[in-house]
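Have a look at the structure below, then the notes.
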Amino acid sequence: MNTDSLLSMTGIDKRFAGIPALSGASFAVGRGEVHALIGQNGAGKSTLIKVLTGYYKRDAGEVVFDGKPFEVSSPQQAQASGISTIYQEINLVPYRSITENICLGREARRYGLLDWKRMHQEAEALLRRFKVRADVRRPLMEFNTATQQMVAIARAIGFSAKLVIMDEPTSSLDEREVAVLFNVIRQLKQEGVSVVFVSHKLDELYEVCDRVTIMRDGRTVKTAAMNEIDKIGLVSSMLGRAIDRAEGHATAFSDRDEKKIGEVLLSAESLAIGQIVQDVSFDVRSGEIAGFAGLLGAGRTETARLVFGIDRPRAGTMTFNGHNFDPHKPSDAIAAGMGFCTEDRKSEGIVPDMSVAENMMLALMPKLSKSGVIDEKAQRDIVERFVRQLGIKCSGPDQKVRELSGGNQQKVLLGRWLAMNPRLLILDEPTRGIDIGAKGEIQALIKSLADQGLAVLMISSELEEVIEGADRVFVLREGISVAEFDRDDATEDAVMSAMAHGSAPTIAEAAP
Amino acid sequence: DAPPLKKKDTYKVGFAQTESNNPWRLAQTASMQEEAKKRGWQLVYTDAASSAAKQVADVNSMIAQGVDLIFLAPREEKPLIPAIKAAKNAGIPVILLDRNVDASLAKPGEDYVTFIGSNFIEEGQRVADWLVKNANGKTTIIELEGTTGSSPANDRKKGFDEVIAKNPDFKIVASQTGDFARDKGRQVAETLLQAHPDANVVYAHNDEMAMGAISAIEAAGKVPGKDILVLSIDGGKEAVQAVVDGKIAAVVECNPRFGPKAFDTAVAYAAGEKIPDKIINPDQFYDASNAKDLLSTAY
Amino acid sequence: MARYGTLIALALLILFNFAFTRNFATMQTLNVNLTQVCTIVIVAVGMTLVIATGGIDLSVGSLMAISGALAPMIFLGKIVPIDNVALAVAAAMIIAVGVAGLFGLFNGWLIARFRIQPIVATLVLFIAGRGIAQVLTNGNLQTFRIPQFQWIGLGRLFGIPVQVVLMVLLVIAAAWMLKRTVFGRQIIAIGGNERAAELSGIAVAKVKLIVYAISGFCAGIAGLVVIAINSSSDANLVGMGMELDAIAAVAVGGTLLSGGKATIIGTLLGAMTIQLVRYTLLANGVPDAAALVVKAGIIVLAVWIQQHGRRA
Amino acid sequence: MTRQRLISMLGSYGVVLALLLLVLFGWARYDYFLGFFNITSVLRYNSMFALVALGMCFVIMTGGIDLSVGSTAALGSVVAALASPQGALTGLGAGVGAGLCVGLINAILVTRLKIMPFVATLAMMLAASGTALLLADNQSVSVSYESGFTSIGQDNFLGFPIPAWIAIVAYVVGWIVLNFTSTGRGVLAVGGNEDATRLMGLPADRIKFLVYLASGGLAGLAGVILASQFGAGQPIEGVGWELFAIAAVVVGGTLLTGGVGSVGATLAGVLLLGILFNVLNFENGKGWISLSAYWQSVIRGLFLLVVVILQAKLSSRGSVAVREY
Ligand SMILES: Nc1ncnc2c1ncn2[C@@H]1O[C@H](COP(=O)(O)OP(=O)(O)OP(=O)(O)O)[C@@H](O)[C@H]1O
Ligand SMILES: Nc1ncnc2c1ncn2[C@@H]1O[C@H](COP(=O)(O)OP(=O)(O)OP(=O)(O)O)[C@@H](O)[C@H]1O
Ligand SMILES: [Mg+2]
Ligand SMILES: [Mg+2]
């Protein structure tokens, strides 16, 4: 490892409306090293990055980059100085083509005008490095989240930068894609480029990172070489306390009590919509956690959307609670007793300018009102209860949701549905982008909810989460439900092979 | 010379109106349409919706359709010149109605046949002259102007203000636009009466604003006609009735019934008669002395 | 803080007037300003709700014209003769306002059903609506003297002009609705994040329909007030330019045009500010052309103070 | 996919199709409709709207709006008329310069003071109109006929009206800027997602600044044509031009939310709306029905309704039409 420092930030302060997000944070990255930056939700990782790239103006502190004091006032300048950034939320332009999203800002020119042919070639070449095949002339919004994430990464790599910053690039990638990304990171490293890597998936860090910096409450509390610190060490520095976790479990889903599982609540038969969902069947019982596993784009989210009445299926039937179930719109599903935490928090979940309380009460509100008038007191009680129960870190129920960190926003959304006291809760990537502490809390919460008789349909791209958490696992592949595993049969190997080939034992046996 | 008009039994003529957003314009249009119907002529009617530029385009589309003659109520003095020239080039005679064009740029008998209409400056003068004679000590004037920048507003102000300037007893304490509209006229009058409690004359550039001013005066607890004299231009039936009722002191008529005179002129022109450069409509003047008798003849 | 921007501007204007405008400190001044601001506020209340959902309504002026054209046709017996004056007036009011509300509903239908952008959807009625009013009346002025009807423009309740009472009631009702009711919060949620609102079970299309209908309804009321004061209805001019006045009032009042946030009281203050600016300029004899420039400056200033306040 | 593409193509070329149909209708129904005189006079008149709509198109693609274009054109015409005695080019420069000044103020209000475009340009609509009236002393201002200033608006070049040439050049330049310069792509990116554009390191504020400036300049140019075509600077012209321009841009398939747009389709939108007026005038000349101005506005409203509903239907089925190069 090269200890010659490329970037050093010291004593960084940043306040939002008087509340400190960073206080005296420092951070140093060597040349050609891959440096992990971790911390709980709201620890200040994204803020630190945005301060570095000039998106936010820092209140105090010093930054030295490449041996010179570094003063930039816009991401544009940062990019020109050699810092390329992939931000936490995918920040691209959906209406524009992949090529534009990759090449904007460093266009190829001929006779002073844009050379589209060359730009298309360049975009294709970059994507090939990530093993992504896509028509680069089509608008970005026609592609799934993973491809979009890859485009964002390709864009950042395309600028020949000295430092590439990746804020949670893997949260919407599956394992195959993560592996590809890691290869690219290793290549970058060989070329002498430094990488800052933010992730909540601690295992990943050990694969590619050289050093790690841990943040807590706006401070950097520890920097260590990756091979000198173990996972427990990471976590306890993040949380600021010693932890004890049942050995052998990667998640908080230990010890489900299977006796409490009741009758079938929801069952779906041969659902189909467009090309994305071809033939999906499954059922969920009350008190049970049913998991959906599958590669990205397997059609899990689309299936969930059918169940919740967001889209209408072109074929298939559903029953809910023993009755035929054919929701036309989300409110039908909600009336029947369902809740749905979407995977895209920012655009489908929160109402950013509303308060924590208002966001949490959005679905429940009509029920808690007397002839249309809101019962403020009853709502406040409920909100306060959930803020406490879910451990939401906010200055109070009246803080705007946009000011919370991603993980806390997710908890608010969970609260929104839990407050409804639903019979079935659909959770699409419930712990995506959530720190390990909160993740454990949320998982424990899901478990206890199921224990109380709630039916849970959980979609997760984290295999461990599905395998350890779910009582039954349904595997989807290319829009078809290819396998079903009971808790005991759901081993990592079995599920993975079903995800990849669809040749699950049950189906293989049935086939001639 | 202006292009000739062939003698025919019936013609296809164009009428390019400037706008249809006030009773006066509506009466004018109705009069033209009635007359065309009566004579069995075909009338191509366009409405420029208060835009001089659109009016030129309208005239051009009439030229394209090959009308025999164009009646044009030019919205403005200068911008309509190109339309008149284009018609001349296409051999189509033009008769101007109610507003004239810039005499230095287009000449009657040469570029267009003639101008039939009223004289806005003179209208303002007539109102002022009446006031100077009948003021009875009421000399503090509020003026409600028409739409800012429009030629009747400019001319009615000019004619009135010039006469008042020659009579040092009189004073215009406020002059603001009421957009030729009743509601706006009322609101402006309310404000100005409040800011100038000593005012005792309101001169409005049209009937609509005068009616609005009457409401404003009444709302301020004063009596129109007694505490405050209201003067107006246009002389529509409602205004003349208000003169009879004593609410308006005097009003100059500006008669919109152009149809008969306009079509007669066209026929005379086709017959080869000599047409004067200007044909001024004889306009009535109503005040308490004659309003009752003439009420039935008001438009 | 956001609200204080407008308040400060308003206070400064009042101070200026005390110092420089003749005859300002009188009840009649208050009366004039309150009665003149009424129609703008009534329309702007509906507009605030529309803007809170992230939309805009350009058709309000035309809907005022439609309601203003319809009412006299009914109570003057041009459609069907009605002998009882009270009945005729009541029918006229209900039908005129109802029709304006229906046209508002039509706006909402275009926006909710076809997902046409509000500015374009309401542009349709902005253009066609006035035409409809003109076609109804053939463009002719309708004049009338019906005290029972004109009461809403000229009458007084406990010494306060009826239209002012109407305005205050509407403002209070809307402010309360926005703050305390489920419907109000749903409006804000839709403006803040429409997809999230839909996924939370809010009937987005229905809420939008109602909001645009309310805007049409408010415009209808304003149309009646205008013609009642003037004892005449001119389809060509009633409500002309009202959409811009109302939007300016909403913006100066501190409601973001992007939606997701709204203050009715702010809108009231915004309308008052604009009204007082107009009064000040007129009363001090500022030429109309210059007045336009000053008005522009004050709108910019007020909105800027607003946003500055919000960021601090 | 191909079906979807077809529909999205229809969405973007629908306006061209509608334009062709309307022209065909006019040609079949009216004598002289496609006569040289009518064609040139329609083009001469609508070139002003074309320029204003081009500026509006760019502003709207960034997700903004410019309500001040009509007053700016009026101001431009007054300033150009006042300057015209100094020569045709001086008049031209002065008119465009006045437009650029308004555009500059809009740009500063929007990008520096962060005032919402709707409000900022609404204020400038009042201010520009007031300034025009002040400069013109509330009256039309004669242009100088000696300086050759009127040639700009009234003469032909290669048998075609000069204003139409100006508009064509402006649209070609606009098309190249939009599709073959980074600023042009930046315009679409800013409209598509301003925050992302900023984070991607593009100068979002500079792009928006330029767009408002350009809109002002184009409106000023339209004002120059207005003054020279009609021989007078007209402070009270331009009322409602902004709505005409917005309608043309929208009919051309540009999303008001920004991020998607086409220069060519905007031109088609202008011609479509402009020729509709012309057709209504010709229809009146037929003597079949005499459409009062009132019916005309009802018909124009209905026409807009039909076009936007069709477009909404098309774009909800296909994905948004995105031009590829
Ligand atoms: N624009 C903002 N306005 C106000 N507060 C903010 C803003 N952005 C961030 N914060 C606050 O700053 C703190 C740090 O947030 P930041 O997004 O940097 O966390 P993070 O470490 O990236 O978390 P996560 O892992 O959830 O992404 C949080 O408490 C957050 O509420
Ligand atoms: N708007 C869209 N346009 C085109 N294709 C889409 C669109 N949305 C989704 N798809 C495609 O549908 C497929 C299934 O998507 P879906 O989101 O249901 O998958 P998933 O299994 O839930 O994966 P993820 O973990 O990403 O949510 C993806 O391959 C994606 O390419
Ligand atoms: Mg973060
Ligand atoms: Mg998914």
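On a predicted model such as this, the values are computed, not experimentally measured, just so you know. Values below: every heavy atom of this structure, side chains too, minus hydrogens, waters and symmetry copies. Protein chains get the first letters and strands the later ones, always in sequence-line order, with residue 1 at the start of each.
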Considering only heavy atoms, which portion of [X] lies under 4.5 Å from any heavy atom of chain B: side chain, backbone, both, or neither?
X	answer
C:Leu141	side chain
C:Arg130	neither
C:Thr29	both

Compare every heavy atom of [Y] with every heavy atom of [X], then report the nearest pair and how far apart it is.
X	Y	answer
B:His196	C:Ala283	NE2-O, 4.0 Å
C:Leu282	B:Leu192	O-CD2, 3.5 Å
B:Gln194	C:Asn23	O-ND2, 2.8 Å

With rounding to the nearest 0.5 Å, note down the distance linking [atom1] in [X] to [atom2] in [Y].
X	Y	atom1	atom2	result
B:Asp198	C:Arg22	CG	CZ	5.0 Å
C:Asp288	B:Ser175	CG	OG	8.0 Å
C:Tyr279	B:Glu190	OH	CD	10.0 Å
C:Leu237	B:Lys184	CG	NZ	11.0 Å
C:Asp234	B:Met211	CG	CE	13.0 Å
C:Asn33	B:Thr191	CG	OG1	6.5 Å

Toward chain C, the part of [X] with a non-hydrogen atom under 4.5 Å:
X	answer
B:Ala181	both
B:Ala220	both
B:Glu238	side chain
B:Asp179	neither
B:Thr177	both

At a heavy-atom distance under 4.5 Å, which candidate from B:Leu193, B:Thr148, B:Asp183 has the highest pair count against chain C?
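Of the candidates given, the most pairs with chain C belong to B:Asp183.
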Counting heavy-atom pairs under 4.5 Å with chain B, which one of [options] comes out on top?
options	result
C:Pro287, C:Ser232, C:Gly139	C:Ser232
C:Asn31, C:Val286, C:Leu154	C:Val286
C:Thr143, C:Asn284, C:Asn140	C:Thr143

Determine whether a donor-acceptor pair (N or O, by modelled atom type, separation under 3.5 Å) exists between the side chain of B:Asn21 and the backbone of C:Asn236.
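Answer holds: no.
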For B:Phe258, does the CZ atom sit with more than 12 other heavy atoms under 6.0 Å from it, leaving out its own atoms?
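Yes, CZ of B:Phe258 has more than 12 neighbouring heavy atoms, counting only those of other groups under 6.0 Å.
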Within 6.0 angstrom of B:Lys226 NZ, more than 12 heavy atoms from elsewhere:
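At most 12 heavy atoms, drawn from other residues, nucleotides or ligands, come within 6.0 Å of this atom.
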Can you tell which of B:Arg182, B:Arg186, B:Glu208 makes a side-chain hydrogen bond (donor to acceptor under 3.5 Å, both in side chains) with C:Asn230?
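Filter result, single survivor: B:Arg186.
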